[in-house]
Protein chains: 2
Amino acid sequence: MNNRADNIPKAPAIGVNVKRQRLEQKMSLDKLADASGVSKAMLSQIESAKVNPTIATMWKIAHALKVDFNLLLKGKGDRVRKFEINRHEDLTTLDADEEGVHINVLSPITMAEDLELYILTFQPGSILTSSPHYPDTEEFLTVLEGNIEVSAGKNVTVLKKNDVLIYQCDVNHSIKNLSPKESKVYLVVRFAKKK
Amino acid sequence: MNNRADNIPKAPAIGVNVKRQRLEQKMSLDKLADASGVSKAMLSQIESAKVNPTIATMWKIAHALKVDFNLLLKGKGDRVRKFEINRHEDLTTLDADEEGVHINVLSPITMAEDLELYILTFQPGSILTSSPHYPDTEEFLTVLEGNIEVSAGKNVTVLKKNDVLIYQCDVNHSIKNLSPKESKVYLVVRFAKKK
DNA sequence: CCTTTTTGTTTGATATAGTAAACAATGTTT
DNA sequence: AAACATTGTTTACTATATCAAACAAAAAGG
């Protein structure tokens, strides 16, 4: 087995991705050019895959489009891995001290690494308050159902279904259900790298 | 607030990353050049940040180094993201090649972290297949709604609501909706931490 | 209908990414 | 030591990414 430049690696299809993103945001080439600092001509050629753009150029474009860089390179997803099943009935569920808040711990005992996954269920009017966690701990909150008010430190915002909030939780923070119905939240907690 | 090409986006420091990766694997420039198809001269200039490489070139290099593309772009970055709201309407959604599969990308906007979040929606009978990706990347799949059959390599299992599956990305795999109704899945992807 | 504006594409010129080969260092041999 | 690899850098050249401006094609007025 040689390792000559044998198998042509691959060629990401950035052009279509840029175009899709741009149109999704209803921007013209002019507008994108103005916002990104990349010439309209370049953008046109990139979208029609006539050229092979530079990292710096793509970076500017991604920034102007306010999308993640890799998103422009993908076009397809990648999903797959090992295989460890954790049935709902095997997962620990617990009720918070507060009334009407139900916590479903998704992260299995076996992993307990730097990631924790939860699904929180809030009855109408219920609220969950948390004291600061370890520094540099981040929470990624996704509203699955209902309306939620989140406050962390002096920041406050109201989120509706499918909104995502990323915040550092080394301050006092609370999550409140504003909806007259049950609200549900998916919560990913990422602890700072230890060691 | 203008949106002229005001704030200089940023410039990723790919050079040092390439060099670090290369040295970590104890490769010479010659060897890398041979494996990637990129000239030794280019590699030298890239590592010393004398040039501004092309996406295609970097892609070849990433492939030859067997590392994820974004890994080479990281290192810099906007660490501070205390309170970042991503509204549903601002999030990128994309449909897979397969029929009836809808992907909602929750994580983008600023960052090339090591975490990616998705909500996948499957119409009845729809299926999403993915090809393998880089090792040591883990996925955490939570069934929000419906019934899902996941197969990864020789493993197959059926998941119901609130079940969690963890796997690593090595093999082809697919996610299929078994329910006569729409099924929904929350997906957390964590990329390997380099050391 | 005939202007304007707004869209995306295509020129001509230039800067620079990319290559191959020569170079200058180091290290290995005998 | 001389002779030879092996490293990374720099030259001399070619290919092409990028730009500003001209261009074409609609869309929008008027």
Side-chain angles (χ1 to χ4, degrees), chain A residues 2-65 67 69-70 72-73 75, chain B residues 2-65 67 69-70 72-73 76:
Chain A
N2 62 8
N3 44 6
R4 216 68 66 257
D6 38 16
N7 45 359
I8 317 102
K10 23 191 166 181
I14 56 245
V16 285
N17 291 348
V18 171
K19 186 162 195 173
R20 172 164 39 76
Q21 278 298 324
R22 179 175 63 84
L23 293 180
E24 224 165 71
Q25 302 183 25
K26 299 188 174 48
M27 297 179 89
S28 66
L29 286 183
D30 268 307
K31 229 170 113 192
L32 218 196
D34 189 45
S36 64
V38 177
S39 73
K40 177 170 60 164
M42 244 296 90
L43 294 173
S44 173
Q45 291 170 16
I46 287 175
E47 290 190 352
S48 48
K50 189 48 194 153
V51 293
N52 204 329
T54 269
I55 296 267
T57 300
M58 285 307 299
W59 198 270
K60 291 188 210 164
I61 295 175
H63 180 81
L65 285 173
V67 298
F69 187 90
N70 342 318
L72 297 180
L73 297 182
Chain B
N2 61 8
N3 44 4
R4 220 65 66 259
D6 38 15
N7 45 359
I8 318 103
K10 24 201 163 174
I14 55 247
V16 285
N17 292 346
V18 171
K19 185 162 194 171
R20 173 165 37 78
Q21 277 299 324
R22 180 176 62 84
L23 293 179
E24 224 165 69
Q25 303 183 25
K26 299 189 173 48
M27 296 179 91
S28 66
L29 287 183
D30 269 308
K31 230 172 112 190
L32 218 197
D34 189 46
S36 64
V38 178
S39 73
K40 176 169 61 165
M42 245 295 93
L43 294 173
S44 173
Q45 292 169 13
I46 287 175
E47 290 191 351
S48 48
K50 190 53 191 150
V51 293
N52 203 331
T54 268
I55 294 267
T57 299
M58 286 307 300
W59 198 270
K60 291 188 209 162
I61 295 175
H63 180 81
L65 286 173
V67 298
F69 187 90
N70 4 319
L72 297 180
L73 296 183
K76 56 113 237 148

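So you know, we letter chains A, B, ... as the sequences are listed, proteins then strands, and number each from 1.
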> Name the one of A/Met27, A/Arg22, A/Arg20 that satisfies side chain to side chain contact (heavy atoms under 4.5 Å, CB included) with A/Glu24?
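Option passing the side chain to side chain contact (heavy atoms under 4.5 Å, CB included) with A/Glu24: A/Arg20.
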
> Please name the pair of heavy atoms, one in A/Ala33 and one in A/Leu43, separated by the smallest distance, quoted to 0.1 Å.
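Of all heavy-atom pairs spanning A/Ala33 and A/Leu43, the closest is N-CD1, 3.5 Å.
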
> Can you pull the contact range of chain B along DNA chain C, 5' to 3', using atoms under 4.0 angstrom from its heavy atoms?
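Contact boundaries, 5' end first: C/dA17 to C/dA20.
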
> If you look at every heavy atom in A/Val51 and A/Pro53, which pair is closest and at what distance?
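Shortest heavy-atom contact: O-CD, 3.5 Å.
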
> According to side-chain contact (heavy atoms from CB on, under 4.5 Å), who are the partners of A/Lys26, at least two apart in sequence or on a separate chain?
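In terms of side-chain contact (heavy atoms from CB on, under 4.5 Å), with neighbours along the sequence ignored, A/Lys26 is linked to no residue.
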
> Could you tell me whether a side-chain N or O of A/Ser28 sits under 3.5 Å from a main-chain N or O of A/Lys31, the two making a donor and an acceptor?
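Confirmed, A/Ser28 side chain pairs with A/Lys31 backbone.
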
> Going by the rule salt bridge (charged side-chain N to carboxylate O under 4.0 Å, His left out), which residues pair with A/Lys19 if we only count those two or more places apart in sequence or in a different chain?
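So A/Lys19 forms no salt bridge (charged side-chain N to carboxylate O under 4.0 Å, His left out) with any residue.
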
> Specify the angle, to 10°, made by the local axes at the two ends of the helix from C/dT9-D/dA22 to C/dC23-D/dG8 when five pairs are taken at each end.
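The value is 40°.
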
> Is B/Ser28 touching bases, backbone alone, or none of the nucleic acid, heavy atoms closer than 4.0 Å?
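Sugar-phosphate, backbone atoms only, no base.
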
> Would you tabulate the nitrogen or oxygen pairs shorter than 3.5 Å linking the protein to nucleotides 19-24 of chain D?
unit_1: D/dC19; atom_1: OP1; unit_2: A/Gly37; atom_2: O; d: 3.4
unit_1: D/dC19; atom_1: OP2; unit_2: A/Ser39; atom_2: N; d: 2.9
unit_1: D/dC19; atom_1: OP2; unit_2: A/Ser39; atom_2: OG; d: 2.9

> What's the shortest heavy-atom distance between A/Ala64 and A/Leu32, and which atoms?
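That would be CB-CD2, 3.8 Å.
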
> Would you indicate, yes or no, if D/dG8 has its OP1 or OP2 atom less than 4.0 angstrom from a side-chain nitrogen or oxygen of B/Arg22?
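Answer yes for this pair, as a side-chain N or O of B/Arg22 is under 4.0 Å from OP1 or OP2.
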
> Counting distance only, does the side-chain N/O of A/Ser44 pair as donor-acceptor with the main-chain N or O of A/Lys40 below 3.5 Å?
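No: the side chain of A/Ser44 does not pair with the backbone of A/Lys40.
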
> Applying side-chain contact (heavy atoms from CB on, under 4.5 Å), can you list everything that pairs with A/Ser39, at least two apart in sequence or on another chain?
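A/Ser39 satisfies side-chain contact (heavy atoms from CB on, under 4.5 Å) with A/Ala41, A/Met42 once adjacent residues are dropped.
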
> Within this structure, what is the CD-to-P distance between B/Glu47 and D/dT9, rounded to whole angstrom?
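So the two atoms are 7 Å apart, to the nearest Å.
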
> Taking for each residue the nucleotide of DNA chain C with the nearest heavy atom, is it B/Ile46 or A/Asp30 whose nucleotide lies nearer the 5' end?
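Nearest-nucleotide comparison on DNA chain C picks A/Asp30.
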
> How many Å lie between CG on A/Leu29 and P on D/dA26, as a whole number?
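Taking atom P of D/dA26 as the reference, CG of A/Leu29 is at 16 Å.
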
> Taking all atoms of both residues into account, what is the closest heavy-atom pair of B/Met58 and B/Val18, and its distance?
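Minimum heavy-atom contact is CE-CG2, 3.9 Å.
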
> Taking atom C1' of D/dA17 as reference, at what distance in whole Å does atom CD1 of A/Ile55 sit?
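Nearest whole value for this atom pair: 13 Å.
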
> For the residue pair B/Val16 and B/Ala13, what are the closest heavy atoms and their distance?
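The answer is CG2-O, 3.3 Å.
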
